[in-house]
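All figures in this text were calculated on a predicted structure; none of them were measured in a lab. Just so it is clear, the values below take in all heavy atoms, side chains as well, and ignore hydrogens, waters and symmetry mates. Order of appearance sets the numbers: ligands from 1, and atoms from 1 within every ligand.
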Amino acid sequence: MSQQIGIASDHGGKVLKDKITCFLKEQSLDIRDLGVSLDSSASVDYPDYAAQLAKLIASGQLKRGILVCGSGVGMSIAANRYPGVRAALVTDEFTAKMCRLHNDANILCLGERVINHDRALEFVTIWLNTTFEGGRHQQRLDKITEIEKALGSSQK
Ligand code: RB5
């Protein structure tokens, strides 16, 4: 895959974010690190970092991205507020694969304090290398897009 991959975390996910970034750079992948810096000692708010990445996905500037926080939960909740974002919280290999095959997940969310970090690298590899199946699954994604549109127009 030659497309740039975005990555961001809060303080609770910065160690795993750094491991994933190094792992992907070693494979010559183009990584856009949106913070927080590994060197920072600040406690930051995960919605700020989810927003950085989710906006780039929603606008089509990036196709795929990875978000890490302590549990992965806050990042997934925040990212899924953005239209066109399909953020999947992954804790096992099966979900890493299925969220691509069936859900075309464009953001992978991981919890630094939950999962084994070597396994997390495996989840990233599976997620990056699995292609959306389309077909009946596209129909289902179209229904999600319809929900987004209906909610968007009801808020105007
Ligand atoms: C930060 O302590 C922690 O709440 C955050 O990283 C995340 O787990 C939230 O969902």
Side-chain angles (χ1 to χ4, degrees), residues 1 3-27 29-130 132 137 140-141 143-145 147-148 151-152 155:
M1 174 179 288
Q3 259 159 353
Q4 193 175 50
I5 300 160
I7 192 163
S9 76
D10 70 354
H11 56 287
K14 66 182 182 176
V15 171
L16 180 56
K17 172 173 75 71
D18 188 60
K19 284 183 187 161
I20 295 169
T21 302
C22 293
F23 175 69
L24 295 177
K25 283 186 173 170
E26 276 166 17
Q27 299 169 52
L29 292 174
D30 184 9
I31 307 303
R32 183 149 160 196
D33 190 340
L34 300 160
V36 66
S37 164
L38 183 62
D39 304 328
S40 164
S41 56
S43 174
V44 298
D45 298 332
Y46 61 81
D48 295 338
Y49 290 86
Q52 295 277 339
L53 178 62
K55 282 179 188 171
L56 293 172
I57 300 281
S59 67
Q61 291 175 74
L62 287 182
K63 295 279 175 236
R64 307 275 284 271
I66 298 167
L67 289 171
V68 191
C69 63
S71 64
V73 173
M75 285 297 198
S76 57
I77 292 172
N80 278 316
R81 301 286 162 160
Y82 289 80
V85 166
R86 292 177 298 279
L89 174 55
V90 165
T91 55
D92 61 87
E93 290 79 359
F94 177 77
T95 312
K97 192 173 182 74
M98 295 312 290
C99 76
R100 288 290 313 136
L101 279 179
H102 287 189
N103 311 113
D104 198 15
N106 48 18
I107 294 184
L108 175 69
C109 297
L110 299 168
E112 176 181 305
R113 299 169 183 160
V114 180
I115 49 177
N116 172 282
H117 292 187
D118 290 333
R119 249 182 109 194
L121 299 181
E122 186 57 30
F123 303 162
V124 169
T125 300
I126 293 168
W127 178 77
L128 282 176
N129 292 297
T130 305
F132 178 50
H137 303 294
R140 292 159 188 170
L141 296 191
K143 291 193 175 190
I144 295 173
T145 306
I147 294 169
E148 285 174 351
L151 289 173
Q155 283 163 3

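Ion pairing between a basic and an acidic side chain is recognised when a charged N comes within 4.0 Å of a carboxylate O; Arg100 and Asp104 show such pairing.
Here the options are Leu53, Ile107, Asn106, the test is side-chain contact (heavy atoms from CB on, under 4.5 Å), and the partner is Leu62; only Leu53 passes.
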Practice problem: Dump the intermediate steps for side chain to side chain donor-acceptor pair (under 3.5 Å) on Asp92 and Thr95, then the final yes or no. | Solution: CA-CA 6 Å; Asp92 61 87; Thr95 312; 2.8 Å; yes

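Every residue two or more places apart in sequence or in another chain that forms a side chain to side chain donor-acceptor pair (under 3.5 Å) with Glu93 is listed here: Arg119.
Within 4.0 Å of ligand 1, counting heavy atoms only, the contacting residues are Asp10, His11, Tyr46, Cys69, Gly70, Ser71, Gly74, Arg113.
Of the possible donor and acceptor atoms, one in the side chain of Arg86 sits under 3.5 Å from a partner among the backbone N and O of Asn103. In terms of modelled atom types and a separation under 3.5 Å, the side chain of Arg64 and the main chain of Trp127 share a donor-acceptor contact.
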